[in-house]
Every structure is written in C-alpha cells, then in structure tokens.
Amino acid sequence: MKKIITKKILNEHNISSKEYNMILNIMGREPNILELGIFSVMWSEHCSYKSTKKWLKTLPISNDKVICGPGENAGIIDIGNNDAIIFKMESHNHPSFIEPYQGAATGVGGIMRDVFTMGARPIANLNSLRFGDPKNKKTKNLLRGVVKGIGDYGNCVGIPTVGGECFFHKSYNNNILVNAMSVGLVKKNKIFYATAKGVGNPIIYVGAKTGRDGIHGATMASAEFTDDSEKQRPQVQVGDPFVEKLLLESCLELMNQDVIVAIQDMGAAGLTSSSFEMASKGDCGVDLFLDKVPCREKEMIPYEMMLSETQERMLMIIKPEKRKETYKIFKKWGLEAVEIGKLTNTNKMNLYFNKELVGTLPIKPLADSAPEYDRPSSKPKRLKKKKAIKKIISKEKLKKVLITILSSPNHSSKSWIFNQYDSSVMGDTIFASEMADAAVIRIHNSKKAISITSDCNPIYCKADPKLGAEIAVAESWRNLISTGADPIAITDNLNFGNPEKKEIMYEIKQAIKGIKKACEELNYPVVSGNVSLYNETKGKAILPTPVIGGVGLIKNLNYRKGFKMNEKSFIYLVGKSKGHLDLSVFNQHLNIKGGNPPKVNFTEEINNGNFVKKLIQKTKIIDGCHDISEGGVALALAELCIANKMGMKINFLKNKKQPEKILFCEDQSRYILIVNNKKTFESLARNDGISFQKIGIVGGKYLDFESQFKITVKKLLKTNSKWFKNYLR
C-alpha cells in the first residue's frame, strides 16, 4: 500500500524525519493528513517552544504577589483588595511583515483575548515595535500599516494604548517585530482557567465564523522568511475589532453567571490548540463534531477547520444545565454560539465529520510531550571596538551630537505614533506616552494605580546577550520605580533568529541567563511570555531582542511621579557615573563601533531604586523623576525640558576634561530627580549611603550646560518633533 505521508508533505508541514518517527511511535501507525497537520501546529516552535523550554524552565516565576505564573493564557499578580492584574506580551512578527495592517491589528486582538479569557477586563495595551533602516524602501509602508493596525483595533474595542517603544535598525529590514502587550483587571475570586473537566460537559464555540485565513499561521511563524514569504498573505488572519468587543462583553457577562467550567481563546493553531490544551490540563478526552463548526466559506474540510486561525473566536466548556442561559447571553450580544462537542474520559481527541471518524489522536503527547531540544551553541565572534577618540571634542561638536540624537529616528518624539492611539478612553489613564518613564493607569474607583512599561536595547544584546538582557530587566524595573511604583513582575517576548544556528542558540541561552539573573536579584519574576524564533531572512538574523514588559503597583495615586518640573527646583543625579561610552548612542553617532554594554551592579541598582521609591512614597520633596538610560544624562535632561517646555541650568561640568563621558555615558542604576528641598534630600541620601550630585536648577529658556553649550527649549522642541513629520510627508 502506498504511503500517504511523503517527504515533501513533511517538509510542507515543517516536520523533521526525527519528529515524524516520534509521531509514528506515538500513533502506532501512519497518521492521515489531518492528524499530521495537527501535529505540525502543536509541535511548531511557536506553540511548543521546543528549542527554548529547557532554558525557560530555569526562570524565576514566583514571589509573594504572584497568583499564577507561566502555563496559563497570561500571568496573574495580586495588587490587594481582592484585585488582580492579568498580563502578557506576545509577538505577531511574520504576519505583520507580510500584511502590516492586519498582522498588527490581529496581534492586538489576540493578546487581549488571552487576558479576557481569564476573566479580566483589559484596561491598557502597550507595544514594542522594531523596523528596518528608514532608508529601506519597505520601512515607511510597514511603519504606517503597523501603527494604523494597532491604533484602529485598540481604538475600536475601546481599550487605551498607553505606551511602548519604536526602534529602527537595518537588521529588521526584512523581518520587523511587532510585540503586543495587554493588561487586564479582575477580582481574585473571578479568575478563569483553561482546565477542562466534567465528562459529558458540552463544548461551545462562539464568535466569528471559521474561514481559511491563518491556516498554518503557527507553522509560518516557526520558519525563516524567503523570497516567497510575501506570497503567504492567506496565512495572515483578518481581524474584526467590533466582533472582538462583542466577544469581550458577552464572555465577561457569562463569567458572572456561574456558567463556565473552562475557557480558551482560539489563537495560534486555532481550534486545535484550544481544544488540546484545555483537555490536557483537565486530563480528559474530547469528541468534536466538525460539521457543526460555523464556517463562512463553502466546502471547508476538517483539516482547514482545525488549523484555521480565524480571529475573534472562543472555545468554552460549560455546565450542561446552563445551555439555555449561555445561548441567551450570546444572542443578546449578536453572536453565534454552537455546541460542537463534549468531554470524554478517553484522553483522546476524536474528530468526526458527517458522522464519520476522520481523526483520532492521544491528547497528552501533543499538548505536553512535544520534542524538547538542547540545541548546540557557540559564542559568535564580536566586532572589535574602534579606537576611542583621543582628541578633545569641541563644545560645538557636543552640542551638535545632542541635537542629532534628539532628531534621530530612535530618539525623536514618537507623537506621530501615539497620536494615532486613543490613550485616554475608559478615563483612567494618568500618564501615557512621553510624560513619564512608564504608563500609569488608575484602578477604577480606587486610590491605587498600576505602572506598565516595555524595554530592550538590541544593540547591547547583540554585543553581550546576557548583559543586554540583564539591562532590559533592570531598565524596566527603574522605569516603574520612577513613577512611584513597587515593581512586581514581568512578561517577556524573546525575539531571535534561527535556533538551529549555534550562534543564535548561544544568544538565546545567554539572554535567558541574563533575565534569570536580573529577575532573581530584583525579586521581579517572569509570570508570562512568548518566544518568537526564526526571525531572519535569507540567512540574516535580526538583532537579539528580548523585550521585557514590566508591571508595578502604585499604592496611592498621591505617590505617582512623571517628568514634572517646577521653577527653581534643584536637579540631582543619583548613582555613579563612570563614563561608559561603549555602544552608547553617543558613540553610534560618531560611528565608533564595538565594545561591551555597561555592567549592572545589582546592589547599587537595588539601593538606588529603593531610595528613590522611598523618597517618592514617603516624602513630598520630589517633583519629578526620570531614569537615565540611552543617551545618558544629556538626553534625559533634554527630555525633561521638552516635556515641561521649561529650561534648566546645569553647572557640574566646569573644568571637566572629557565632558562627553559625563554627559553621554550610559552607566546603569542612575536617576535624575527634581527636588524641592535640598537640605532634606541630601540628609536622607547621606543617611542611606547613596551616591548623588547636585547638577543644576530648573528655570530659564535654555537647556544650559554652563561652560559647555546651551540650546533654547524652543529649538529642543522643534528638533525633537520633526523627524516623523519629514519622513512621512
């Protein structure tokens, strides 16, 4: 008898010979095409994390505020008074390159479903975006499409998009990154999990009708791009934010009626992943009757139904006596809900179509026993650093570099992006976009708030992935501290190239070690996340980009701090400046390449952070706060002037032989504080053994680095705001 499964079919499903032999052992026979397709998506890199789960298991995942760590749709943390925050970040990179508007929009929709499927109402969205060189012919259209997709979807659903980051580099020319983060609020006694239980309980499908969009989307996201990648548009899902809004409201209403046993959104791998994952967690079996699945296209076959990634769909297990109530609520919201199956005690997935058994698979091996690889790795050769500049850099040159940085794609105002997002809908946004180091969202009808941020410096991560990842975690921690929050936990989105290449696998392992180190030191665990691999085209990988999304609690809204300055307040630098310019924005603009990122001294990081947090929460002497990161003190001060449309006199550079090392160094663990009581501040800092320096005073029409150079605030504003306008005109 001729074999059904050929090598060509295996290649089309991205299944190796070794993996196919595993499938044969599990099945005890040759699978049919439907069964093979299910294996292909469940064992894809995107769904199974087969190259990284060995290392992800080493990450710290708990502290006294964590309710639920990795393993569910999203992580959960306790913020007191029976309130919990559910949050996660996830990638939609490949789809967004192929079809930027829909790819980005459905990324936002998918991450929000991960949050509200657990019972939480989304209260804020963020994003972390990476685009290619602005001179690349594709970059402009990709930028426009992605930003519009994110804005339109979030705005239509009515969830504020409150922050994020946007970074340009040639390594992303043919593989952009779109990482979406969503944060939701839920009562601790109203959290829902994806654990199916109750033999005979009905399985309900609700939401959009299934189409052929997104078939093999998870598999596509687990492979490198080629010249033919843009032909994969049919694998990109199409979103409908208005259906998402109906789904959100109907599911939350149903969750208040004691109806749902388990619930799971149909995200990557669609009906396959949602049914297998719920059944696996509940140690039960499933019978699905695929002829009952609502389809929007004619003559769809079981293979297409199981692998479709049509958006805005949910799968739930309900109590059988609650059928009538369930249908009534969904009808009220104009949604079609259909019973498509039931739970069994077989531990198998039986798939029926027109009363015929078309597939039967064991559940546990697909959901929990995917291959786990310990891929070989080797340290890549690094670029040698160019010789440092020995000659004295003129005052005019220093001024020119700062102006150039402020007007560059990566450090100019992102208001063109943020203005397309509704950041104030729902009425609880305190700070968004460019007015603080992190977004601050009030917890409705309370005096508390949460602070949220996303961070990563890919330049650092390329030079030293472990240290770069440590810095990404520490930077997010500082951003939360700067707003007056107690940092609680993170979600991560690990974006890398092909893990089958030793140098890339080295970057992945080192970055995870860096995250582990920083999270342990800061008591700042990982509660959810996503891994996105094979981000490369024609053998050229993106820069390693382990994005960190952080969440913290502001216990009282009176503590909140942003970039506020008041006339005649004092400006203090907290932390040690050692003059580290390797890989700095300053060096990049002088075309000095190579070197290592600045090291993180976690003792100093913790001491400085806790000191700043104590000042904000327990005194009234701090007007504003800004952490120091890329661009050093000079860029941080310029950003404060721009945010307040107010000048400052900086007076700590007199007689300094290398002012560039003071102005532009990127040493870690540092903050700029705007202080209204000099005596009290200095006394408290000395008592706590904190390194500090008074560097100036607020006021005037200039950012005036006395003895060096000065720039009018008007010019700072004009310089900082023009890049996007000029680029997109």
query = Between Thr491 (side chain) and Met89 (backbone), is there a donor-acceptor pair under 3.5 Å?
reply = yes
| query | Is it the case that more than 12 heavy atoms not belonging to Lys364 sit under 6.0 Å from its NZ atom? | reply | yes
(Q) Under a 3.5 Å distance rule, please check whether Glu72 uses its side chain to pair with a backbone N or O of Tyr193 as donor and acceptor. (A) no
The single option from Ile450, Val527, Ile79, Val551 that satisfies side-chain contact (heavy atoms from CB on, under 4.5 Å) with Ile488 is Ile79
Using side-chain heavy atoms (C-beta onward) and a distance below 4.5 Å, is Tyr205 in contact with Thr210? yes
The single option from Leu315, Thr195, Ile363 that satisfies side-chain contact (heavy atoms from CB on, under 4.5 Å) with Met278 is Leu315
Between the CG atom in Leu557 and the OG atom in Ser446, the distance rounded to the nearest 0.5 Å is 6.5 Å
Interatomic distance, CZ@Arg113 vs NZ@Lys88, rounded to 0.5 Å, equals 11.5 Å
Nearest heavy-atom approach of Ala485 to Ser451 is CB-CB, 3.7 Å
For residues Thr272 and Cys47, determine if any side-chain heavy atom of one lies less than 4.5 Å from a side-chain heavy atom of the other. no
Run the numbers on Glu470 and Glu521 for side chain to side chain contact (heavy atoms under 4.5 Å, CB included), then give the verdict. CA-CA 10 Å; Glu470 286 181 22; Glu521 292 279 359; over 6 Å; no
_Distance-only polar pair, side chains of Asn175 and Asn535, donor-acceptor under 3.5 Å_ = yes
Check: Are the side chain of His92 and the backbone of Val178 linked by a donor-acceptor contact shorter than 3.5 Å?
Finding: no
Discussion item. One thing to verify: whether Asp486 and Lys555 come together as a salt bridge, which I'm taking to mean a side-chain N less than 4.0 angstrom from a carboxylate O.
Written reply: yes
Original post:
Below 4.5 Å, heavy atoms only, C-beta onward: do Val66 and Ile61 meet side chain to side chain?
Top reply: no
>> salt bridge (Lys or Arg N to Asp or Glu O under 4.0 Å), that's the test. Do Lys414 and Glu165 meet it? Break it down for me.
In response: CA-CA 8 Å; Lys414 304 299 187 296; Glu165 52 181 349; over 6 Å; no
Between Asn179 and Ser454, is any pair of side-chain heavy atoms under 4.5 Å apart? no
NZ of Lys517 to CG of Leu522, rounded to nearest 0.5 Å, is 10.0 Å
Between Ile150 and Ala104, the two heavy atoms sitting closest are CG1-CB, 3.9 Å
Is there a donor-acceptor pair closer than 3.5 Å between any side-chain N or O of Asn493 and the backbone N or O of Val547? no
Other residues, nucleotides, ligands: >12 heavy atoms within 6.0 Å of Lys53 NZ: yes
Test item: Ser476 side-chain N/O and Asp455 main-chain N/O as donor-acceptor pair under 3.5 Å
no
Report task. Please confirm whether the backbone N or O of Ala269 pairs with a side-chain atom of Glu309, one donor and one acceptor, at under 3.5 Å? Result -> yes
- Should Asp437 and Thr453 count as side-chain neighbours, where that means a heavy-atom distance under 4.5 Å? no
When you measure from the side chain of Thr106 to the backbone of Gly239, do you find a donor-acceptor pair of N or O atoms at a distance under 3.5 Å?
no
_side chain to side chain contact (heavy atoms under 4.5 Å, CB included) evaluation trace for Ile459 with Glu630_ = CA-CA 11 Å; Ile459 303 294; Glu630 294 170 28; over 6 Å; no
*Would you say the side chains of Lys516 and Thr58 form a donor-acceptor pair under 3.5 Å?*
no
Does Glu507 pair with Lys462 as a salt bridge, N-O distance under 4.0 Å?
-> yes
Answer with yes or no whether the side chains of Thr117 and Asn73 bring together a donor and an acceptor at under 3.5 Å.
no
Using modelled atom types and a 3.5 Å cut-off, is there a donor and acceptor pairing between side-chain atoms of Asn610 and backbone atoms of Lys613? no
Can Arg121 and Glu249 be counted as an ion pair, charged N to O under 4.0 angstrom? yes
To the nearest 0.5 Å, atom OG of Ser424 lies from atom CD1 of Ile430 at 11.5 Å
Query raised in the report: Side chains of Val183 and Val115: closer than 4.5 Å at any heavy-atom pair?
Result: no
Before you tell me yes or no, could you show the steps for Lys197 and Val261 under side chain to side chain contact (heavy atoms under 4.5 Å, CB included), namely the whole-Å CA-CA distance, both residues' side-chain angles and the distance that decides it to 0.1 Å?
CA-CA 7 Å; Lys197 53 189 175 183; Val261 175; 3.7 Å; yes
Under 4.5 Å between any side-chain heavy atoms of Asp152 and Tyr101, yes or no? yes
Any chance the side chains of Ser182 and Asn125 put a donor and an acceptor closer than 3.5 Å?
yes
*Atom NZ of Lys245 with >12 non-hydrogen neighbours under 6.0 angstrom*: yes
Checking Ser482 against Asp627: is there a side-chain donor and acceptor pair closer than 3.5 Å?
no
Worksheet item: Okay, side chain of Asn63, backbone of Lys65: is any donor-acceptor separation there less than 3.5 Å?
Response: yes
Output for pair (Phe87 CZ, Ile490 CD1), nearest 0.5 Å, gives 8.0 Å
_Heavy atoms from other residues, nucleotides or ligands near NZ of Lys188 exceed 12 (cutoff 6.0 Å)_ = yes
key: Parallel, tilted or perpendicular, as decided by the 30° and 60° cut-offs, for the rings of Tyr421 and Phe418   = perpendicular
**OP:** Spell out, as yes or no, whether a donor-acceptor pair under 3.5 Å connects the side chain of Asn81 to the backbone of Asp83.
**Re:** no
Heavy atoms of Ser528 and Val526 approach each other most closely as O-CG1, 3.5 Å
(Q) Side chains of Ser128 and Arg130 only: does a donor on one sit below 3.5 Å from an acceptor on the other? (A) yes
Looking only at heavy atoms, the pair that brings Leu252 and Phe116 closest together is CD2-O, 4.3 Å
Looking only at heavy atoms, the pair that brings Pro160 and Thr429 closest together is CB-OG1, 4.0 Å
Exercise. What's the verdict on side chain to side chain contact (heavy atoms under 4.5 Å, CB included) for Ile123 and Asp428, showing C-alpha distance, side-chain angles and the deciding distance?
Worked result: CA-CA 8 Å; Ile123 58 172; Asp428 285 319; over 6 Å; no
Self-check item: Side chain proximity check, Phe192 to Ile260, heavy atoms < 4.5 angstrom
Solution: yes
Minimal heavy-atom distance between Ser275 and Met306, with the atoms involved, is OG-CE, 4.4 Å
Working for salt bridge (Lys or Arg N to Asp or Glu O under 4.0 Å), residues Asp265 and Arg313: CA-CA 6 Å; Asp265 83 296; Arg313 300 179 300 160; over 6 Å; no
d(Leu59 CG, Lys513 NZ) to nearest 0.5 Å is 12.5 Å
- Taking atom NZ of Lys448 as the centre, does the number of heavy atoms from other residues, nucleotides or ligands within less than 6.0 Å exceed 12? yes
